[in-house]
Amino acid sequence: MNLERLPNEEKLILCRKYYLGGFAFLPFLWLVNVVWFFREAFVKPAYTEQLQIKAYVKWSAVGLLFWVAVLTTWITIFQHFRAQWGEVGDSLSFTIPLGTP
Amino acid sequence: MIFFTCLCSDGGGFSSILSSFSKLFFIAGVSSNSVGNKIYINLNETFPCVRLLNATHQIGCQSSFAGDVGVVHLLESEENLDWVLGSGPNPPYMVILESTLFTRPIMMKLKHGSQRVAGVVVVEPTTNPPDGFSPHTSCPNENTGVYSESYGPSYAHCNVTVWNPLGTGLSYEEFDFPIFSMKDSNDTEVLRRCYREHNRAVNGSTPQYPLCAMQLFSHMSAVRDTATCMRRSEIPFSLTPEEVCDPLGDENVWASTKPLNNTAKGHKEGESVVIAAAKMDSRSFFFDVAPGADGTATGLVALLAAANALRNATAELNRTILYTFFHGETFDYIGSSRMVYDMENNQFALDLDNVHSILEVGQVALGSNSRLWLHSDPVSRRNSSVNVEKLASNLHLAAAGLNISLEEPNVTQPLPPSSLQRFLRARPIPGVVIENHQASFTNKYYQSIFDNAESLQLNYSPNLTAEEQLEFVTDAAKNLTEVATAVARGLYLQAGGHPAGMNAVQADSRLVRPMLYTFLVRGKNSWSEQLRGQSSDGDVSSFSSEDRPTNFYIGVHQQMSEPRFMVQTILANLTGTIVNVTKENCQKQKEDEEDVRNKHLYYYQWVQGPLRPNSTERDSFCVRSGVRRFAAKSPAFVLREYTS
């Protein structure tokens, strides 16, 4: 979809949809929001809706960073300690490696 | 209690020589055009070391999933290890050990330097090492016997006698690289030549590429301990359910001199049995290799021959003799612990109240002095109701007039590792274990690949044919016949037979010879073929061992093990009677069309029989015996408690 062809109101509606959608545990929507609307929000010359778009992009970025931090921490802990957690580790795992703890 | 229960293997392993890291290929006379064949030489006749688990540990070896590759290095001496562990420029190395170097210090150094060690290959020598070799622990089944903090604590942990002083404990170490054993054959020569020509450092120079390399595959799926492994095999909602390991187990075999109703489990009123026990398994450091000559086969053959000697005397006995052959005794008494458990839980045809006494036949290979020792448990003997003296005196009476002498070791010596210990854990029962050693084992190759026919001095002159070897009278066979006669007479007296009738009980050396041959030299021969049975679905179950001695390893419970099948067949033929029953009825366990009672008391086997002269047809017949089997898998798997 080419944002150039959309009128500004529709850009705002799209950005808002992605922003709100990300709250449903979908941080990728926020990533898309940030990447896609970055130009619109910060590079293009000002237009009426741009202020709100800027806000959405900023808050999407904040949410994204939060998710990245949480996931990185959890993944690191899990990969490091799964072997030591015994039964709990096994019940949390989708596939368990063979031959190594 | 620790149960060695879980075996993990991913279908065994195999090995191949990768000839170079660069583009050069190694010509080995293979004329196929496949690129693989130009690079690799497959090594045959190799045995891996596999991973085993128990309640707390994992032991054995592991390779990476795609196999481990390393530069070949033939170890020349212990000092040469420095090349592998420190100074060699091309780690990781694949270390080839001649068997004299397969010692604990060297293996421990390799274990700790495992970053630079890709694997180890041990070359199996053609003759046994004269100084002995035992990879087993020095105190076998230390934690699962009867002696513990609460029972005879001064005897626990081999405080009084170290049973296996030559034991290095290598079999119970954990290695994270693969270890294989290779027979000394043409392939080994190829390997040595390759090393000498390409990999050897001469005069301090570093060997340049291309170098000979080797790849070993023996990836093991199981890990950590039995509880973890069983949990991972039984994940209920997994997308990829996988059996990560299998319990070690097979079946125990028993037979009785008087028919016992096997369908009615639990206590049998009025029955007082004498259990005559022997074990039928062994192990070595490597997977599926367990010749177990002195350690297992001698006791087994002696008891089988004794059972045969008593076949006609059973009418004169007022107690029943229960011949029991336990499997898995090497691994923390799998078979006997299961039998005791079944007896305590009314899952067996008898229970412990029915047991009067126990006579166990252990390692009975006779050396030059023909002395056997009657071991008993000093702790239970203090209890006046436990009458070991009667059993011992019966045995002394039995051996009078025979060419062997029976003696008793010091009263303060505990029982050696034996199935009797598991029975004593349940309750004090008078019992004696017959062994050929007074204190420590005389067997220099306990639970190793060298406990074979050669260690028993079972020498057959090479110009004899297989048939002649079967009949050849070796010293070992003669001695074992004497032992079997003594055991048979001892059982006869203990079961209430009159001393006057004792001399009629005599073991037949014409049976001992082929049995020894079958177990220790070649499993498939004319004698064993004629005893083989056919099961009801027509499948002539094979003894499977063709040109090699029996493999006494217990294996996993889904797979039939050779010794159990052979013992069951031999026992049926040696203690049973031939009955005139058609093949169909025989295989359906009945004597005629309307018979429904007999299957509770007897076991019917359709036996192939001897070959008719000048033909390939056999005179088959039906043998009725009291031979039964029951599961020999640790009770831990029944209770699903893997941590005790």
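Everything numeric here is computed off the predicted structure, so don't read it as measured data. Sequence lines set the chain letters: A, B, ... in the order given, protein chains first and strands last, and positions in each chain run from 1.
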Margin query: Heavy-atom count check: over 12 atoms from other residues, nucleotides or ligands less than 6.0 Å from A:Tyr47 OH?
Written below: yes
Next item on the list: For residues B:Arg232 and A:Asp90, report the shortest heavy-atom separation together with the two atoms involved.
Entry: NE-OD2, 3.0 Å
Notebook entry, point to check: So, does B:Arg224 use its side chain to make a donor-acceptor pair with the main chain of A:Gly86 at under 3.5 Å?
Noted result: no
Next item on the list: Inspect the surroundings of CD in B:Gln559 and state if more than 12 heavy atoms from other residues, nucleotides or ligands are less than 6.0 Å away.
Entry: no
Checklist line | Over 12 non-hydrogen atoms of neighbours within 6.0 angstrom of NZ in A:Lys44 | finding: yes
Item checked: Residues of residues 65-75 of chain A within contact distance of chain B, non-hydrogen under 4.5 Å -> none
Margin query: Contact between B:Val244 and A:Ile96 at the side-chain level, heavy atoms closer than 4.5 Å - yes or no?
Written below: no
Check: Which residues pass the side chain to side chain contact (heavy atoms under 4.5 Å, CB included) test with A:Lys54, sequence neighbours left out?
Finding: A:Ala41, A:Phe42, A:Gln50
Next item on the list: Would you indicate whether A:Arg39, at its atom CZ, is surrounded by more than 12 heavy atoms from other residues, nucleotides or ligands within a distance under 6.0 Å?
Entry: no
Note to self: Within the supplied structure, the quantity of interest is the number of heavy atoms (other residues, nucleotides, ligands) at a distance under 6.0 Å from A:Trp36 CH2; does it exceed 12?
What the structure shows: yes
Note to self: Does any backbone or side-chain atom of B:Gln58 lie under 4.5 Å from a heavy atom of chain A? Answer side chain, backbone, both or neither.
What the structure shows: neither
Item checked: B:Gln115, CD atom: more than 12 neighbouring heavy atoms under 6.0 Å -> no
Check: Considering all heavy atoms of both residues, which atom of B:Val223 and which atom of A:Thr100 are nearest to each other, and what is their separation?
Finding: CG2-C, 3.6 Å
